[in-house]
Chemist: 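My questions all concern the structure below.
Please read all numbers here as calculations on a predicted model, not as lab measurements.
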Amino acid sequence: MKYKKLLLALTLSAGLLVGCGADEEPEAKDTNADVVTTASIVNEKDAFTEAISKDGTWIIATLNDLTFDEELVVEGEFRNKGDESKELYRKIAPYAQDEEHNITERYTITAPKLTIKSPNTKFQGGTFVGDIYVESNGFVLSDAKVEGNVYFAKDEYKESFKLEKEATVTGETEVK
């Protein structure tokens, strides 16, 4: 089992770097703290919580299901692939993929509440169990499932919300 997890981690790491088109490690800047970071691949709760923080990384990939009793907050401003010329972007990727970027395993993140404060955050490829509260523009669910509600702090946040690639929300999607 440990061998399988290690192999999965190595495959995901290689896939992320290939997917980023990176010859070098991708970088992301948190404009609030001027911190340079790379993509984060996590399999523990503390590592995930740190990765989604304002001091975290632009992309957070999980290697397994994660369950939290407390609220999670995605915050901070990051750029796609760390490129300052690109728009703000954040990605939560609870899945594993092969070399051709096909999803090979999907994971579930469970928490009572996930608050999205980072602009242009994408949740892709896995499942979130709980309610999501959106407090920024550009939230995207792509090939993902929310078993709960998605609430928006403002109409403009709801208007900028996108469901892509057969993403689903089992509950309500409304301004609250």
Chemist: Show every ring pair (Phe, Tyr, Trp, His ring centres under 6.0 Å) that has at least one partner inside residues 147-176, sequence neighbours left out.
Modeler: Tyr133-Tyr151, Phe139-Phe161, Phe152-Phe161
Chemist: Nearest 0.5 angstrom please: Leu66 CG to Asn43 CG, how far?
Modeler: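 Leu66 atom CG to Asn43 atom CG measures 8.0 Å (nearest 0.5 Å).
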Chemist: To the nearest 0.5 angstrom, please state how far the CD atom of Glu77 sits from the OG atom of Ser136.
Modeler: 9.5 Å
Chemist: If you define the side chain from C-beta out and look only at heavy atoms, does anything of Ile60 sit under 4.5 Å from Phe48?
Modeler: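 A side-chain contact under 4.5 Å exists here.
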Chemist: Give, for atom CD of Gln124 and atom NZ of Lys165, the distance between the pair rounded to the nearest 0.5 Å.
Modeler: 6.0 Å
Chemist: What closest approach, in Å, do Tyr95 and Ile103 show between heavy atoms, and which atom pair accounts for it?
Modeler: CD1-CG1, 3.7 Å
Chemist: Can you sort out the partners of Asn102 under side-chain hydrogen bond (donor to acceptor under 3.5 Å, both in side chains), two or more places apart, ordered by chain and number?
Modeler: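 Once residues adjacent in sequence are excluded, the partners of Asn102 under the side-chain hydrogen bond (donor to acceptor under 3.5 Å, both in side chains) criterion are Asp98.
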Chemist: Considering residues, nucleotides and ligands other than Glu87, do more than 12 of their heavy atoms fall under 6.0 Å from its CD?
Modeler: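 At most 12 heavy atoms, drawn from other residues, nucleotides or ligands, come within 6.0 Å of this atom.
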Chemist: Ser85: which residues meet the side-chain hydrogen bond (donor to acceptor under 3.5 Å, both in side chains) condition with it, sequence neighbours left out?
Modeler: Asp83
Chemist: Determine the minimum heavy-atom distance between Ala144 and Gly125, stating which atoms define it.
Modeler: CB-N, 3.9 Å
Chemist: Using atom types as modelled and distance alone, determine if a side-chain donor or acceptor of Thr67 lies under 3.5 Å from a backbone N or O of Thr110.
Modeler: no
Chemist: For the residue pair Ile132 and Val169, establish whether any side-chain heavy-atom pair is separated by less than 4.5 Å.
Modeler: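 They are not in side-chain contact.
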Chemist: How long is the straight-line distance from NZ of Lys122 back to NZ of Lys162, given to the nearest 0.5 Å?
Modeler: 9.0 Å
Chemist: Any chance you could measure Thr121, atom OG1, to Tyr89, atom OH, to the nearest 0.5 Å?
Modeler: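 Result: 9.0 Å between the selected atoms.
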Chemist: Give me the atom names and distance for the closest heavy-atom approach of Asp69 to Pro112.
Modeler: O-CG, 3.4 Å
Chemist: Output every pair passing ring pair (Phe, Tyr, Trp, His ring centres under 6.0 Å) with a member in residues 109-129, not counting sequence neighbours, ordered by first then second residue.
Modeler: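 Output for this query is empty, none listed.
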Chemist: Using the test salt bridge (charged side-chain N to carboxylate O under 4.0 Å, His left out), find all partners of Glu71 that sit at least two apart in sequence or belong to another chain.
Modeler: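 Scan of Glu71 (salt bridge (charged side-chain N to carboxylate O under 4.0 Å, His left out), adjacent residues dropped) gives none.
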Chemist: Could you check whether atom NZ of Lys86 has more than 12 heavy atoms from other residues, nucleotides or ligands sitting under 6.0 Å from it?
Modeler: yes
Chemist: Which atom names give the shortest non-hydrogen contact between Ser40 and Thr57, and what distance separates them?
Modeler: CB-OG1, 3.2 Å
Chemist: Can you list everything that forms a salt bridge (charged side-chain N to carboxylate O under 4.0 Å, His left out) with Lys117? Sequence neighbours excluded, please.
Modeler: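 In terms of salt bridge (charged side-chain N to carboxylate O under 4.0 Å, His left out), with neighbours along the sequence ignored, Lys117 is linked to no residue.
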Chemist: Would you say the side chain of Val73 lies within less than 4.5 Å of the side chain of Ile52, judging by non-hydrogen atoms?
Modeler: no
Chemist: Who are the salt bridge (charged side-chain N to carboxylate O under 4.0 Å, His left out) partners of Lys158, not counting sequence neighbours?
Modeler: none
Chemist: Scan residues 136-148 for pairs that pass salt bridge (Lys or Arg N to Asp or Glu O under 4.0 Å), counting only residues two or more places apart or in two chains.
Modeler: Arg106-Asp143, Lys145-Glu147
Chemist: Looking only at heavy atoms, what is the nearest atom pair of Gly56 and Phe78, with distance?
Modeler: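 Nearest heavy atoms, Gly56 then Phe78: O-CE2, 3.2 Å.
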Chemist: Identify the heavy atoms of Asn149 and Gly171 that sit nearest to each other, and give their distance.
Modeler: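 Smallest interatomic distance, heavy atoms only, reads OD1-CA, 3.3 Å.
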Chemist: Assess the residue pair Glu50 and Asp55 against the criterion (side-chain contact (heavy atoms from CB on, under 4.5 Å)); give the C-alpha distance rounded to whole Å, side-chain angles, the decisive distance to 0.1 Å, and a yes or no.
Modeler: CA-CA 7 Å; Glu50 177 62 27; Asp55 297 321; 3.9 Å; yes
Chemist: Following the transitive rule for hydrophobic clusters with a side-chain heavy-atom cut-off under 4.5 Å over Ile, Leu, Val, Met, Phe, Trp and Tyr, establish whether Ile92 and Val42 coincide in one cluster.
Modeler: yes
Chemist: Does any part of the side chain of Leu72, heavy atoms only, come nearer than 4.5 Å to the side chain of Ile109, both counted from C-beta?
Modeler: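 Sidechains of Leu72 and Ile109: in contact.
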Chemist: Determine whether Leu88 and Arg79 make a side-chain contact, defined as any pair of heavy atoms from C-beta on separated by less than 4.5 Å.
Modeler: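 Yes, side chains in contact.
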Chemist: Through direct or indirect side-chain contacts below 4.5 angstrom among Ile, Leu, Val, Met, Phe, Trp and Tyr, which residues connect to Val129?
Modeler: none
Chemist: Quick one: pull up OG1 in Thr108 and CG in Asn64 and give me the separation to the nearest 0.5 Å.
Modeler: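 One gets 10.5 Å once the value is rounded to the nearest 0.5 Å.
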Chemist: Can you name the salt bridge (charged side-chain N to carboxylate O under 4.0 Å, His left out) partners of Asp131, sequence neighbours left out?
Modeler: none
Chemist: Heavy-atom count check: over 12 atoms from other residues, nucleotides or ligands less than 6.0 Å from Glu166 CD?
Modeler: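 For Glu166, atom CD is not crowded (no more than 12 foreign heavy atoms under 6.0 Å).
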Chemist: Check whether Val175 and Leu114 end up in the same hydrophobic cluster, where Ile, Leu, Val, Met, Phe, Trp and Tyr are linked by side-chain heavy atoms less than 4.5 Å apart.
Modeler: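 Linked, Val175 and Leu114 end up in one cluster.
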Chemist: Mind checking what makes side-chain hydrogen bond (donor to acceptor under 3.5 Å, both in side chains) contact with Ser160, not counting sequence neighbours?
Modeler: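 Only Asn137 meet the side-chain hydrogen bond (donor to acceptor under 3.5 Å, both in side chains) criterion with Ser160.
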Chemist: Which residues pass the side-chain hydrogen bond (donor to acceptor under 3.5 Å, both in side chains) test with Ser118, sequence neighbours left out?
Modeler: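 Checked Ser118 against side-chain hydrogen bond (donor to acceptor under 3.5 Å, both in side chains); matches are Arg90.
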